[in-house]
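The figures here come from the full heavy-atom set of this structure, side chains too, leaving out hydrogens, waters and symmetry mates. Counting begins at 1 with the first residue of the sequence.
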Amino acid sequence: MPNPALIAHRRGSLQLSCPESDAADYRVVVMGAARVGKTCIVSQFLHDRYLTDYHETVEELHRGEFVMDGTRIILDILDTSGAYQFPAMRKLAISTSDAFVLVFSVDCEKSFEEMKAMRDQILEERETCDLPIVIVGNKSDVEVKTRIIEKETAEALVAVEWGHGYVETSAKEKVNIEDIFKELVYQAKVQQFRRMPAFRRGRKSMPEISIMTTHTKRKKRNSCNIS
């Protein structure tokens, strides 16, 4: 059980009323090309803070606690490197995660292509398409003339062809950041109940989520042998 002193209450007074064994626990990996805003998204979601200085991420693990529809949710969020110089770490992250957030920048076609390649790698490594995956088009605050990937194009590919969730965000202005994790948890919960006879596949409205984040953060800087 985490120390209550480490919990930041964002929406009024929220109390942990159930033991950790009763919580739903998910390991989420955030992937994408370098400089698309992965770390800023995580920082805004957990700490309400936008990072103005860029530091290349190797691998950072964060933990967030939430109450959604009366259920306590624990997310272990792994923020990964955008560089492909750590293939062994990326492969391990894919094999051990329950859900995936794949980020690209709407003003960078290369990051869009890298996102598609990462999705292909995930499906190949896990040998299934039935995974909670949310695709994020970040930097929606850019000027129209500098935008390259149109929202309609991304939605058609992600939501219609792939069947994943798609969210456009601005980490800088904190737009739709929470919706990423609402959608991700929704997908994970749907998959848990998909085999139950009483489950109906009709899509419900997005659930409400109340956030209680722990400030515990662990950085991984351990080296590994890359072949």
Is there side-chain contact between [X] and [Y], with at least one heavy-atom pair below 4.5 Å?
X    : Y    : answer
V28  : L184 : yes
R63  : I77  : no
V36  : N138 : no
E65  : R72  : yes
E59  : L78  : yes
E183 : Q187 : yes

Going through the checks in order, is the side chain to side chain contact (heavy atoms under 4.5 Å, CB included) test met by K182 and E178?
CA-CA 6 Å; K182 286 181 182 179; E178 208 172 276; 3.4 Å; yes

Verify, without hydrogens or angle tests, whether K174 (side chain) and Y50 (backbone) share a donor-acceptor contact under 3.5 angstrom.
no

Is E168 reaching over with its side chain to a backbone N or O of S140, donor-acceptor style, under 3.5 angstrom?
no

Do the side chains of [X] and [Y] join up, straight or via other hydrophobic residues, at under 4.5 Å, putting them in one cluster?
X    : Y    : answer
V42  : V175 : no
L131 : M115 : yes
V30  : L92  : no

Could you measure the distance from the [atom1] atom of [X] to the [atom2] atom of [Y]? Nearest 0.5 Å is fine.
X    : Y    : atom1 : atom2 : answer
R35  : K139 : CZ    : NZ    : 8.5 Å
I94  : I122 : CD1   : CD1   : 5.0 Å
I177 : S170 : CD1   : OG    : 7.0 Å
F45  : L75  : CZ    : CG    : 6.0 Å
D130 : I133 : CG    : CD1   : 9.5 Å
Q121 : M31  : CD    : CE    : 6.0 Å

Residue set satisfying side-chain contact (heavy atoms from CB on, under 4.5 Å) with T39, at least two apart, ordered chain then number -> L51, T57, D79

Walk me through it: do L157 and F112 pass the test side chain to side chain contact (heavy atoms under 4.5 Å, CB included)?
CA-CA 11 Å; L157 175 66; F112 188 68; 3.7 Å; yes

For residues 99-110, run the donor-acceptor check on the side chains, cut-off 3.5 Å, and write out each pair with its distance to 0.1 Å, sequence neighbours left out.
from : atom 1 : to   : atom 2 : distance (Å)
S105 : OG     : D107 : OD1    : 2.3

Taking only Lys NZ, Arg NE, NH1 and NH2, and the carboxylate oxygens of Asp or Glu, determine whether D98 and R27 approach each other closer than 4.0 Å.
no

Basic-acidic side-chain contact under 4.0 Å: E114, R90
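Looking at R90 together with E114, the answer is no, because their closest N to O distance does not fall below 4.0 Å.
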
Taking it one step at a time, do V134 and Y166 satisfy side chain to side chain contact (heavy atoms under 4.5 Å, CB included)?
CA-CA 6 Å; V134 175; Y166 179 69; over 6 Å; no

Provide the closest heavy-atom pair for T80 versus A93 in the form atom of the first, atom of the second, distance.
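Scanning both residues, the minimum pair turns out to be CG2-CB, 4.5 Å.
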
Note: V29 and S97 closest approach over all heavy atoms is CB-OG, 3.4 Å

Distance-only donor-acceptor check, side chains N176 and T169, under 3.5 Å:
no

By the salt bridge (charged side-chain N to carboxylate O under 4.0 Å, His left out) test, which pairs, at least two apart or in different chains, include something from residues 117-128?
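Residue pairs with at least one partner in residues 117-128: there are none.
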
